[in-house]
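Take a look at the structure below.
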Amino acid sequence: MSYLQIDIDSRRTYEFQCSLLSHFTRYLCCLIVALSTRTSAENDLPLQALTKMAPVNTGILFLQFNSLATPYALSKIVLSALQKVDKLLYIKVKGLPLSETKVSTYNRIVNQIYNISSRNAVDRFDTRVVLTDFRDSLISPSVCVINKLHTSHTIETILMTSQEHSYAEFLENKRDGITSEALHIDTTFKDNDQHSIIEHQEKTQNHLPSSTDEDNIYDHVVIGGTFDNLHSGHKMLISAAILRCKKSLTIGVTDGIMIKTKKLWELIEPCQTRIKKLHEFLMDVEPRLQYKVVPITDLYGPTADDPALQLLVVSEETQKGGMKINQLRQEKGLSKLDIYSISVIDDNHAGAGEENKISSSSFRKRLLGSHIKPPKFKSKPYVIGLTGGIASGKTTISKRLKDLGAHVISCDHLGHLAYKSGTECYRQMIEYFGAGILNEENEIDRKKLGPLVFSNKDHLESLNKMVWPEIRRLYNKEINELKKQSFQGIIVLDAAVLLEAGWQEDCAEVWVATVPKEEAVKRIVERDHITVEQATRRVESQLSNSDRVASANVVICSIWEPEVTAAQVLKAWQYVQEFLAK
C-alpha cells in the first residue's frame with residue numbers, strides 16, 4: 001500500500017484546489033460589480049447583503065418534512081439549492097413527524113436526494129444528507145430532540161424553504177457573517193414544465209430480494225466496500241445501514257489483493273485515505289453511532305467471526321457475497337445475518353466505455369488525462385517527463401504530443417548516441433566489459449553486450465551508471481540549445497527509465513502511460529512473436545504500474561480505442577496550456 005501513499009491534498013482534491021483561483025476571481029468580479037452599482041440607499045446595507053451572489057463552496061439546505069409531499073417538489077427544491085453552492089451541500093430535514101414513522105419512508109427520501117444530486121450536479125459535487133433527526137424520529141419517536149450540527153467543513157450559507165427560522169443556532173461550524181437565503185420555488189407540477197423530475201427507480205430497495213423486513217432496526221449492522229471516490233451509491237449504502245442501526249456499524253474497507261481485481265486499481269486511493277474520508281462522512285451525517293472501520297483483504301472480514309453482527313446491508317450486485325458470508329457463518333456455528341439489499345444508481349455522466357451505474361471505476365477512468373498532482377514548477381521551456389512500461393502505448397502518446405506542437409526528446413535515441421565511440425560512456429564500457437563487446441567497426445555490439453548484462457544484475461547496474469549520466473548530459477545539452485534559440489514551448493522527455501534514472505527531477509511534471517499487465521503481455525506476444533512466459537518475464541522485470549503511478553502527475557491508459565487515448569492526451573495538453581498561460 002505504501003506505493004500509493006500520496007498526500008490527499010496533492011492527489012484527489014487537486015482539481016478542487018486548482019479551481020479556487022477561478023472561484024476567487026468570480027467572487028471579486030461580483031463584489032466589484034456590487035460596489036460600483038450601489039445606490040445611495042444601498043450604501044447603508046451591510047456588505048454581506050451585496051455579495052450574496054458570490055460563489056460559496058459549502059452550504060446547508062434545511063428542508064421541512066411537509067414540503068416533501070411529492071418527488072417532484074423535492075426535486076425542484078434540491079435542484080435549486082445545488083445551483084447556489086459550488087462544492088459541498090449538506091441537507092438536513094426538519095419537522096419530522098413524531099409518530100407512524102418508518103425506516104423505509106426516510107430511506108426513500110434520502111435515496112431520492114442522492115439520486116437528484118447524482119443526476120444533476122457536476123461529477124465531483126459532494127452532497128451529504130444528515131441522518132441524526134431521522135434516527136431520533138425512528139428510535140425515540142415520542143421525544144423531540146434538537147440536534148446541533150458540527151460539520152467537518154465550515155458552512156458559508158444557509159438555504160431554506162421558509163423564513164420561519166434562521167437555523168444558524170443549529171450550526172457549530174459556520175463562517176462569520178454567514179448568509180441566509182429562502183428558496184422561493186413553485187412546486188406545482190405543470191404538464192409543459194421541462195424541469196428535471198426525479199425518476200426514482202422502480203427497483204428500489206424494497207423490490208430487491210432481502211431476508212429481512214425493510215423497517216427492522218438492529219443493534220449491530222455491517223457493510224463492506226472499496227469506498228474509493230466516495231459517491232452517491234456509497235452514501236446510499238451507508239445511509240441504509242445507519243438508518244437501520246441502533247448501536248454499532250462495522251465497515252470493512254477492501255485492501256490488498258482484493259483491490260487488484262478492480263479496473264485501474266493503481267488509481268485507487270490508499271486504504272487509510274479512504275478510511276479517513278469515510279470517517280469524515282460518518283461524523284458529518286451521524287456522529288453518535290459507534291463505528292468500527294477496518295481494512296479487509298477477503299470477502300468476509302469481521303463477518304467471519306463476530307457473533308454480535310445481525311444485519312448485512314449489500315447492493316444488488318453483491319448479494320451473492322452476502323450468501324457466501326452466511327454459508328461460512330453457518331459452518332462456524334454463528335447465527336446467519338439478515339441481509340438487506342439496495343439498488344444501484346444510474347450514472348447520468350457515464351461516457352463511452354463506462355458503466356451505466358455510478359461506480360468508482362468510472363470515476364477513476366475520468367481521472368485519466370487529468371492532473372492528479374500539481375506541476376512542481378512553471379518554466380519556459382516547460383519539460384514534461386513521459387514514461388511507461390513495455391507495450392504501454394508510450395510511443396504513440398509521444399507522437400501525439402509531437403503533433404500537438406511539443407518538441408520530443410527520445411532518450412532511447414540518446415542512448416544509442418551514448419554508445420558511440422569517442423564518448424566517455426564508450427570508454428568506461430570498454431574498460432569494464434572488455435573489447436569483446438566490439439564489432440568489426442570498433443563500435444559496441446548490443447547483441448554481444450546484452451547477454452552479459454541481462455544475466456548479471458551487477459553488470460546491469462554498472463552499465464546503467466555509465467549510460468544514464470551520458471543520456472542526461474545529452475538531453476540537457478539539447479534543452480540548452482533550444483533555450484538559446486528562444487524556444488518557449490513544451491519539451492517532452494520520452495524515457496522508459498525516467499523514474500529509475502531519477503530524470504523526473506529535471507521535469508515540471510511526469511506523465512505515465514499504462515495498460516494492465518495482461519494487455520501488455522498480449523501486445524508483446526503479438527508484436528515480438530515470443531511466448532507468454534517470455535513476455536511476462538519482460539513485464540515483471542520493469543517497474544510496476546503502481547510504482548510509476550505513485551510518481552505521476554498525469555496517468556494515460558491506452559487499453560481502449562485510439563481515439564480514447566487521444567482524448568486523454570488532449571485533455572492533459574490543454575490543462576498545461578492553460579497553466580502556462582496564467
Does a side chain donor of either [X] or [Y] reach within less than 3.5 Å of an acceptor in the other side chain?
X: Ser392; Y: Thr514; result: no
X: Thr531; Y: Gln534; result: yes
X: Ser558; Y: Arg523; result: yes
X: Ser361; Y: Lys262; result: no
X: Thr127; Y: Ser117; result: yes
X: Thr395; Y: Ser398; result: no
X: Ser341; Y: Gln319; result: yes
X: Ser360; Y: Asn229; result: no

To the closest 0.5 Å, what do you measure between [atom1] ([X]) and [atom2] ([Y])?
X: Arg119; Y: Leu79; atom1: CZ; atom2: CG; value: 11.0 Å
X: Asp494; Y: Ile409; atom1: CG; atom2: CD1; value: 10.0 Å
X: Ile251; Y: Arg274; atom1: CD1; atom2: CZ; value: 13.0 Å
X: Lys263; Y: Ile268; atom1: NZ; atom2: CD1; value: 12.5 Å

Could you check if a side-chain atom of [X] sits within less than 4.5 angstrom of a side-chain atom of [Y], using non-hydrogen atoms only?
X: Val129; Y: Val285; result: no
X: Ile491; Y: Ile384; result: no
X: Leu386; Y: Val408; result: no
X: Cys507; Y: Leu498; result: yes
X: Val221; Y: Val313; result: yes
X: Asp445; Y: Ile437; result: no
X: Arg400; Y: Pro562; result: yes
X: Ile238; Y: Leu282; result: yes

Which atoms form the tightest heavy-atom contact between [X] and [Y], and what is the distance?
X: Gly389; Y: Gln542; result: CA-OE1, 3.5 Å
X: Pro295; Y: Asp255; result: CB-CB, 4.4 Å
X: Thr303; Y: Ile325; result: OG1-CG2, 3.4 Å

SB check [X] [Y] (cutoff 4.0 Å):
X: Arg472; Y: Asp506; answer: yes
X: Glu280; Y: Lys276; answer: no
X: Asp126; Y: Lys277; answer: no
X: Arg548; Y: Glu266; answer: no
X: Glu509; Y: Lys373; answer: no

Evaluation steps, side chain to side chain contact (heavy atoms under 4.5 Å, CB included), between Asn57 and Val85: CA-CA 6 Å; Asn57 285 326; Val85 180; 5.9 Å; no

Can a donor-acceptor pair be found, under 3.5 Å and without considering hydrogens, that links the side chain of [X] to the backbone of [Y]?
X: Ser462; Y: Asp458; value: yes
X: Asn120; Y: Ile116; value: yes
X: Ser370; Y: Arg366; value: yes
X: Tyr475; Y: Glu470; value: no
X: His413; Y: Ser410; value: no
X: Lys292; Y: Leu249; value: no
X: Thr226; Y: Asp228; value: no
X: Thr387; Y: Val512; value: no

For Met429 and Leu463, run side chain to side chain contact (heavy atoms under 4.5 Å, CB included): C-alpha distance rounded to whole Å, both residues' side-chain angles, the deciding distance at 0.1 Å, then the answer. CA-CA 7 Å; Met429 291 169 69; Leu463 176 66; 3.6 Å; yes

Other residues, nucleotides, ligands: >12 heavy atoms within 6.0 Å of [X] [atom1]:
X: Lys477; atom1: NZ; value: no
X: His279; atom1: NE2; value: no
X: Lys376; atom1: NZ; value: yes
X: Lys380; atom1: NZ; value: no

Over 60° means perpendicular and under 30° means parallel, so tell me whether Trp511 and His371 are parallel, tilted or perpendicular. perpendicular

For the pair Trp503 and Trp468, name the ring-plane relationship: parallel under 30°, tilted 30 to 60°, perpendicular over 60°. perpendicular

Checking side chain to side chain contact (heavy atoms under 4.5 Å, CB included) for the pair Trp265/Ser546: CA distance, chi angles, key distance, verdict? CA-CA 8 Å; Trp265 69 269; Ser546 55; 3.9 Å; yes

Given the ring of Tyr419, does Arg446 sit roughly above its face, with NZ or CZ under 6.0 Å from the centre of the six-membered ring and within 45° of the axis?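 Yes, a cation-pi geometry holds between Arg446 and Tyr419.
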
Six-ring centre of Tyr300, Lys324 cation under 6.0 angstrom, axis tolerance 45°: no

Validation row, ring centre His459 to ring centre Phe433 under 6.0 Å: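 Yes, the ring centres sit under 6.0 Å apart.
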
Let's go through Lys402 and His407 carefully: what are the C-alpha distance in whole Å and the side-chain angles of both, what is the deciding distance for side chain to side chain contact (heavy atoms under 4.5 Å, CB included) to 0.1 Å, and is it a yes or a no? CA-CA 6 Å; Lys402 184 177 181 179; His407 178 93; over 6 Å; no

